[in-house]
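Just so you know, these numbers use all the heavy atoms, side chains as well, and skip hydrogens, waters and symmetry mates. Protein chains get the first letters and strands the later ones, always in sequence-line order, with residue 1 at the start of each. On a predicted model such as this, the values are computed, not experimentally measured, just so you know.
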Protein chains: 2
Amino acid sequence: MVKFFGVRELVQLLRTVGVEEFLSNLIRYIREDFLRWPKFEKSPRLASHSANGVIELMPTSDGELYSFKYVNGHPVNTQFRKLTVTAFGVLADVGSGYPLLLSEMTISTALRTAATSALAAQSLARRESRVMALIGLGAQAEFQALAFKAAMGIRKLRVFDVDPAAVAKFGINLSGSGIEVITTDSVASAVKGADIVTTATAAKRNAIILTNDMIAPGVHINAIGGDCPGKTELECGLLERGRIFVEYLPQSRVEGEIQQLSADSGITELWEVLAGKRSGRVSAADVTIFDSVGFAIEDFSLLRYLNDLTATMSLHQQIDLVPSLADPKDLFGLVRAAGLDLPRSGKVG
Amino acid sequence: MVKFFGVRELVQLLRTVGVEEFLSNLIRYIREDFLRWPKFEKSPRLASHSANGVIELMPTSDGELYSFKYVNGHPVNTQFRKLTVTAFGVLADVGSGYPLLLSEMTISTALRTAATSALAAQSLARRESRVMALIGLGAQAEFQALAFKAAMGIRKLRVFDVDPAAVAKFGINLSGSGIEVITTDSVASAVKGADIVTTATAAKRNAIILTNDMIAPGVHINAIGGDCPGKTELECGLLERGRIFVEYLPQSRVEGEIQQLSADSGITELWEVLAGKRSGRVSAADVTIFDSVGFAIEDFSLLRYLNDLTATMSLHQQIDLVPSLADPKDLFGLVRAAGLDLPRSGKVG
């Protein structure tokens with residue numbers, strides 16, 4: 001039997017643990033895995049492109065556990081009341097090759113993206129940062145807000161979105177969260193006075209959401225919306241001014257903001273900063289930029305955390321994704337057996 | 001919601017449809033997909049190797065549907081009463097990127113391998129073939145037997161395995177199937193008088209199961225056990241004598257029997273024979289060899305068949321692998337909502 005977190009089980013888990021607590025723990029898991037970065041098998045995602053979007057497989061392994069995520073990106077979907085991004089993932093045992101855990105990863109991807117953003121900010125933003133601007137209030141926005149509250153003590157958000165309905169949704173979702181939300185009427189206005197600027201727009205092109213002149217010295221930019229070829233959010237001059245940090249350089253060169261820069265630009269991988277191998281922010285006046293596109297190790301960390309949680313909590317289901325056989329050579333025996341005596345998928349405990 | 005076939009549901013489906021009927025239909029699906037071979041996105045599998053084995057992802061797409069299979073290969077597993085190979089797979093909609101169906105594929109892989117073997121034999125074996133030798137009576141054996149019965153009218157099997165328990169298991173599983181099973185005490189004895197020879201051993205090395213002198217003119221060899229680097233079953237001289245057919249040449253060069261041959265050897269892809277582009281068997285005296293390693297399109301065909309079956313039968317479950325949202329920008333709303341009003345995974349109908 002394989003452990004299964006559907007949407008329902010994951011939501012129950014988040015409510016039981018608490019979203020901020022979950023994010024805090026997840027940040028710790030991602031940090032642990034980033035600190036042993038060289039141990040991981042890494043490759044750019046395996047993408048299947050089509051007219052409407054892309055379907056990707058993102059595998060990685062630390063030699064003991066293997067994970068992969070299936071994720072699509074279809075900007076056209078929102079026209080049909082579908083999600084742009086859906087995802088699910090599997091954690092497996094390298095020693096036997098058996099899958100251990102299957103999970104929804106649509107919500108989980110938003111969680112791990114927010115946790116990674118907050119982890120980067122812990123190293124790159126000024127420690128006294130208290131105000132964040134949040135540009136783009138789509139599916140990711142609330143998760144970003146709560147991760148920065150949990151990890152950086154951010155309690156004041158200056159927000160902007162072109163869609164008033166998204167602004168209203170965001171306000172409702174964060175009511176009672178302890179975060180003050182200040183709505184603004186432009187990107188420039190939202191950014192004014194912010195210590196951290198998070199861009200999470202769905203612009204499907206080389207957009208310029210942030211220009212160089214908007215950004216004061218000392219600001220940390222958390223750019224998560226520029227994440228595929230031809231989709232960027234930052235003005236090139238801003239990239240040239242800032243100190244840039246990415247997850248996995250070979251992938252970010254193709255998908256990140258830095259696709260706008262030449263291949264010899266000096267870019268640092270975040271794990272190197274966490275491991276003390278290279279410097280992050282050097283002076284309080286630095287503009288730091290985390291150019292995040294999402295990497296397989298972050299999904300690995302999330303699945304590893306979920307799997308560890310199953311040791312103490314029983315909110316998952318069990319599904320018979322692989323057979324259990326008394327005689328491994330007798331696969332056909334499952335089909336032949338007259339009486340149907342197979343374990344039924346179902347709730348644990 | 002995503003359709004789900006666990007082991008239990010797949011077994012129920014096989015019993016309802018009947019294994020031979022299922023295999024006959026599956027052969028038709030694979031033939032249809034092989035006939036439109038150039039339409040598919042093809043790549044060698046994405047493999048993660050470790051000390052004990054390998055975990056692979058096998059994606060493909062025809063532009064409308066996308067599929068991938070997760071499959072491991074761990075010969076060491078049988079020592080721990082685990083399966084050498086386990087697998088599961090997903091069919092998805094290319095237009096939206098949404099997953100449609102998740103299925104166990106441990107049993108399904110045995111089914112599609114057997115169906116592909118039988119499909120190849122329909123084109124390559126002599127039409128009057130009635131006796132098959134089956135060398136290696138592991139997890140695949142019964143499926144091979146039933147596929148050749150359904151597609152080629154094979155009703156007499158001459159079998160051999162080094163493990164007496166495997167021979168006994170095979171006899172029990174095929175009792176009442178309408179197939180006469182003749183046990184023999186050597187490979188050479190099993191092969192004698194056979195029109196078709198299927199090798200499906202678990203030899204984890206460059207073994208020589210079949211030698212050139214064992215094989216009479218006109219025999220068709222269905223070699224499914226040589227399927228990874230350093231794992232082969234046929235004597236090189238036999239390969240040089242026969243006309244060789246494979247699924248996907250770039251993959252078979254690395255994994256198949258033909259890893260023993262130089263890169264300029266004349267090899268034909270099976271789909272070319274089915275499409276009438278190249279000849280299969282030319283004379284009754286030809287020795288034909290289907291050097292099968294398994295390819296992603298066969299898994300695609302199986303998942304496509306399962307998905308079509310769900311239109312008329314309701315033996316699958318539904319699982320909430322991806323969320324359904326009224327507002328696709330309000331992913332967080334799932335977490336926030338006070339009342340837990342999410343669909344529960346469960347049986348259809």
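Of the atoms belonging to Lys82(B), heavy atoms from both backbone and side chain fall under 4.5 Å from chain A. Only the side chain of Val19(B) comes within less than 4.5 Å of a heavy atom of chain A; its backbone N, CA, C and O stay farther away. With a 4.5 angstrom heavy-atom cutoff, Ala87(A) touches chain B only via backbone atoms. No part of Ala165(B) comes within reach of chain A, as not one of its non-hydrogen atoms sits under 4.5 angstrom from that chain. Within the 4.5 angstrom heavy-atom criterion, no atom of Leu10(A) approaches chain B. Residue contact with chain A, scored on non-hydrogen atoms closer than 4.5 Å, involves the side chain of Leu46(B) exclusively. Heavy atoms closer than 4.5 Å to chain A are found nowhere in Ala51(B), neither backbone nor side chain.
In this structure, the side chain of Arg81(A) does not engage the main chain of Leu325(B) through any donor-acceptor pair within 3.5 Å. In terms of modelled atom types and a separation under 3.5 Å, the side chain of His74(A) and the main chain of Val94(B) share a donor-acceptor contact. In this structure, the side chain of Asn52(B) does not engage the main chain of Ser96(A) through any donor-acceptor pair within 3.5 Å. Checking side-chain atoms of Tyr98(A) against main-chain N and O of Asn72(B) turns up no donor-acceptor pair under 3.5 Å.
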(request) For side-chain contact (heavy atoms from CB on, under 4.5 Å), just list the numbers for Phe88(B) and Val90(A), CA-CA rounded to whole Å, side-chain angles, deciding distance to a tenth of an Å, and then say yes or no. (result) CA-CA 11 Å; Phe88(B) 60 89; Val90(A) 169; 3.7 Å; yes
(request) Test Val7(A) against Leu321(B) for side-chain contact (heavy atoms from CB on, under 4.5 Å), laying out the working first. (result) CA-CA 6 Å; Val7(A) 172; Leu321(B) 198 56; over 6 Å; no
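Ranked by heavy-atom pairs under 4.5 Å with chain A, the first of Ala326(B), Ser103(B), Ser43(B) is Ala326(B). When Ser48(B), Gly53(B), Ala110(B) are compared by the number of non-hydrogen pairs under 4.5 Å with chain A, Ser48(B) comes out ahead.
In this structure, Phe143(A) and Leu331(B) have side chains that are in contact, with non-hydrogen atoms separated by less than 4.5 Å. Residues Phe4(B) and Phe4(A) form no side-chain contact, since every pair of their non-hydrogen atoms from C-beta on lies 4.5 Å or further apart. Between Ile172(A) and Arg336(B) the shortest side-chain heavy-atom distance falls below 4.5 Å.
When all heavy atoms of Asp320(A) and Glu9(B) are compared, the pair lying nearest together is OD1-OE1, 4.1 Å. When all heavy atoms of Asp330(A) and Glu142(B) are compared, the pair lying nearest together is OD1-OE2, 4.4 Å. The two residues Pro99(B) and Thr86(A) have their closest heavy-atom pair at CD-OG1, 3.9 Å. The minimum heavy-atom distance linking Val335(A) with Arg15(B) is given by the pair O-NE, 3.0 Å. The minimum heavy-atom distance between Ala139(A) and Pro328(B), with the atom names listed, is CB-O, 4.0 Å. Nearest heavy-atom pair, Ile107(B) versus Leu334(A), reported as atom, atom and distance to 0.1 Å: CD1-CD1, 3.8 Å.
Between atom OH of residue Tyr66(B) and atom OH of residue Tyr70(A) there is a gap of 6.5 Å, rounded to the nearest 0.5 Å. In this structure, Gln317(A) CD and Ile319(B) CD1 are separated by 8.5 Å, a value rounded to the nearest 0.5 Å. Remark: Phe332(B) CZ to Lys169(A) NZ distance equals 9.5 Å, nearest 0.5 Å. Considering CD of Glu64(B) and OG of Ser50(A), their distance stands at 11.0 Å, rounded to 0.5 Å.
The pair Lys329(A)-Asp163(B) meets the salt-bridge criterion, with a side-chain N (NZ, NE, NH1 or NH2) lying under 4.0 Å from an Asp/Glu carboxylate O.
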